[in-house]
**Student:** 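Quick one: structure below, then a few questions.
Whatever order the structure lists ligands and atoms in, that order sets their numbers, starting from 1.
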Amino acid sequence: MTHRDAAFETRAIHAGYTPDPTTGAVIPPIHATSTYKQDGVGGLRSGYEYSRSANPTRTALEGALAAVEEGSDGFAFASGLAAEDTVLRALCGPGDHVVIPDDAYGGTFRLFDKVAARWGLAHTPAPVDDVDAIAAAIRPGETTMVWVETPTNPMLTIGDIAAIAEVAHAAGALLVVDNTFASPYLQRPLALGADVVVHSTTKYIGGHSDVVGGAVVVNDAAIAEPIRFHQNAMGAVAGPFDCFLTHRGLKTLAVRMDRHCDNAEKVVDFLNGHDAVAQVIHPSLPDHPGHQVAARQMRRFGGIVSFRVAGGEQAALAVCERTEVFTLAESLGGIESLIEHPGRMTHASVAGTDLEVPADLIRLSVGIENADDLIADLAQALGR
Ligand SMILES: *Cc1c(COP(=O)(O)O)cnc(C)c1O
């Protein structure tokens, strides 16, 4: 059995690395080296020449990333945004047009709006849950890429990856899916027709809130080639220490995600019955508009839960300040539970735009602590 045929959990633990032939090290060592001795000019050992181009700790992580996303090639970057920037420069050029989510991750929107636009890359926002609107936003002959997140942040809107891939491909455009919120354990966009997957590995893949990183995975040599060239030419690579931490996180992704999902479902149940809660937003709920699509394309519904409180913005802010187990902080996807007020925190920069989020909205990144402790904490924070 090759690692490629093995189940997800096995691939996450074994793919990308075989115990070191010299020492037998079971885990990829941190190769803290910038350069490699050559056996005569051009006599590279295993292809290693300089650590921007390749480093064995990074190679191991990149192999594992490709395996868990069911792709041919994985690439590790210094951050999610560095990964995204490299995708744009590798696969788009001045005069091209990209359709992006109308509620894209703020940093992604800023990259398109404030950085890529200056270099002549145009973009049109469209809702990820409306395939017709995405099709209408495509400019025939100009649109080279459709960019999707699913679930989105913080409203957890679901895009139908297979259906969007069809409209993108019909127009000759590539489909890029930011798979950060689902993680490869819950959703594999390449198998659903996407051409490129990007991740902020800072979130679920790293999983311990101790490292910032990004990833790109593709399943086509013709797409991998320009990504590999730009990864080296632009140089926003992940260093060996970061690769070690990210790879260590990836090995436990499956067990962590199952617990994140278990706990999120229990938190959803609790919030759904609470007087101080006006609306719970989670794709597991049958009345969530994306429930059917999510049930089809995701293994489970994820660890992020958003909800609106009955008492308006002040009440939402007060809840965020009262929790004791849930830490008030930005980011998501770590083992510890986090709470935040998107309107004042992660999404403050989109106030007054179409991307504005409700002022009474709270976002939870449900961690893997004991669910009863999480619910007791929310009960005391909501109850007073
Ligand atoms: C955090 C995040 C990013 C950006 O990743 P960084 O690692 O912070 O650069 C991109 N997309 C999504 C969905 C994210 O949550």
Side-chain angles (χ1 to χ4, degrees), residues 61 65 69 74-89 98 100-116 123 125 128 145-159 161 175-187 189 194 196-217 231 234-239 241-243 245-247 249-250 253 257 260 283 298 302-306 329-334 338 340 342 345-350 355 357 363-367:
L61 170 63
L65 289 166
E69 281 290 3
F75 303 92
F77 293 89
S79 70
L81 286 177
E84 296 182 14
D85 185 30
T86 306
V87 167
L88 292 186
R89 296 211 231 179
V98 181
I100 65 169
D102 68 356
D103 56 351
Y105 172 75
T108 300
F109 180 72
R110 184 177 57 198
L111 179 66
F112 277 101
D113 197 48
K114 299 278 192 279
V115 182
H123 62 271
V128 299
M145 187 178 278
V146 174
W147 188 287
V148 162
E149 291 172 27
T150 180
T152 65
N153 175 25
M155 300 307 285
L156 307 178
T157 305
I158 302 293
I161 295 172
L175 174 62
V176 178
V177 175
D178 181 334
N179 203 26
T180 300
F181 263 50
S183 90
Y185 180 62
L186 300 184
Q187 171 173 284
V196 179
V197 168
V198 300
H199 277 283
S200 169
T201 56
T202 313
K203 315 295 168 49
Y204 284 110
I205 289 181
H208 296 73
S209 306
D210 54 6
V211 59
V212 170
V216 175
V217 182
Q231 183 192 37
M234 292 166 59
V237 296
F241 292 88
D242 289 358
C243 288
L245 284 173
T246 303
H247 199 166
L250 178 62
L253 181 67
M257 287 314 296
H260 282 296
M298 297 174 77
I304 308 297
V305 177
S306 294
E330 300 192 359
S331 199
L332 58 105
L338 302 179
E340 70 125 357
M345 294 170 64
T346 50
H347 289 65
S349 65
V350 295
L355 281 71
V357 296
R363 186 190 77 188
L364 305 176
S365 174
V366 180

**Student:** What protein heavy atom is closest to atom 4 (C) of ligand 1, reported as residue, atom name and distance in Å?
**Tutor:**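 Going by distance alone, atom 4 (C) of ligand 1 is nearest to Y105 CE2, 3.4 Å.
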**Student:** Check whether any N or O atom of G80, backbone or side chain, sits under 3.5 Å from an N or O atom of ligand 1, and answer yes or no.
**Tutor:**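 N/O-N/O distance below 3.5 Å exists for this pair.
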**Student:** Please find the pair of heavy atoms, one from G333 and one from S365, that lie closest to each other, and give the distance.
**Tutor:**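 That would be N-OG, 3.0 Å.
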**Student:** Output the list of atoms in ligand 1 that are nearer than 4.0 Å to some heavy atom of T202, sorted by atom number.
**Tutor:**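 In order of numbering, the contacting atoms are 7 (O).
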**Student:** Only heavy atoms of S79, strictly under 4.0 Å: list the atoms of ligand 1 that pass.
**Tutor:**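 Taking each heavy atom of S79 in turn, ligand 1 has 7 (O), 9 (O) under 4.0 Å.
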**Student:** Any idea which atoms of ligand 1 are less than 4.0 Å away from a heavy-atom of E84?
**Tutor:**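 In order of number, 10 (C), 11 (N).
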**Student:** Check ligand 1 against G213 and write out every atom of the ligand that is under 4.0 Å from a heavy-atom position of the residue.
**Tutor:**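 Result: 7 (O).
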**Student:** Taking all atoms of both residues into account, what is the closest heavy-atom pair of L111 and L81, and its distance?
**Tutor:**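 Taking every non-hydrogen atom into account, CD2-O, 4.3 Å.
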**Student:** Write down the atom of G213, the atom of T202, and the distance for their closest heavy-atom approach.
**Tutor:**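 For G213 versus T202, the nearest heavy atoms are N-OG1, 3.0 Å.
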**Student:** Please report which non-hydrogen protein atom sits nearest to atom 2 (C) of ligand 1, along with the residue it belongs to and the distance in Å to one decimal place.
**Tutor:**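 It is K203 NZ, 2.5 Å.
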**Student:** Grab the two heavy atoms, one from L338 and one from S331, that are nearest each other, plus how far apart they are.
**Tutor:**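 For L338 and S331, the tightest heavy-atom pair comes out as CD1-O, 3.6 Å.
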**Student:** With a cut-off of 4.0 Å, which atoms of ligand 1 are near a heavy atom of S200?
**Tutor:**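 Heavy-atom distances to S200 below 4.0 Å select 1 (C), 2 (C), 3 (C), 4 (C), 5 (O), 6 (P), 7 (O).
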**Student:** Check E84 against V198 and note the closest heavy-atom contact, atom names and distance.
**Tutor:**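 That closest heavy-atom pairing would be CG-CG2, 4.3 Å.
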**Student:** Using a 4.0 Å cut-off to any heavy atom of D178, which atoms of ligand 1 qualify?
**Tutor:**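 The list of qualifying atoms is 10 (C), 11 (N), 12 (C), 13 (C).
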**Student:** Ring centres under 6.0 Å, that's the criterion: do Y204 and H199 meet it?
**Tutor:**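 Judged by ring-centre distance (under 6.0 Å), Y204 and H199 do not meet the cut-off.
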**Student:** Under 3.5 Å, N or O to N or O, is L81 touching ligand 1 that way?
**Tutor:**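 For ligand 1, there is an N or O atom that lies under 3.5 Å from one belonging to L81.
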**Student:** What heavy-atom pair brings E69 and P189 nearest, and what distance separates the two atoms?
**Tutor:**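 Minimum heavy-atom contact is OE1-CD, 3.5 Å.
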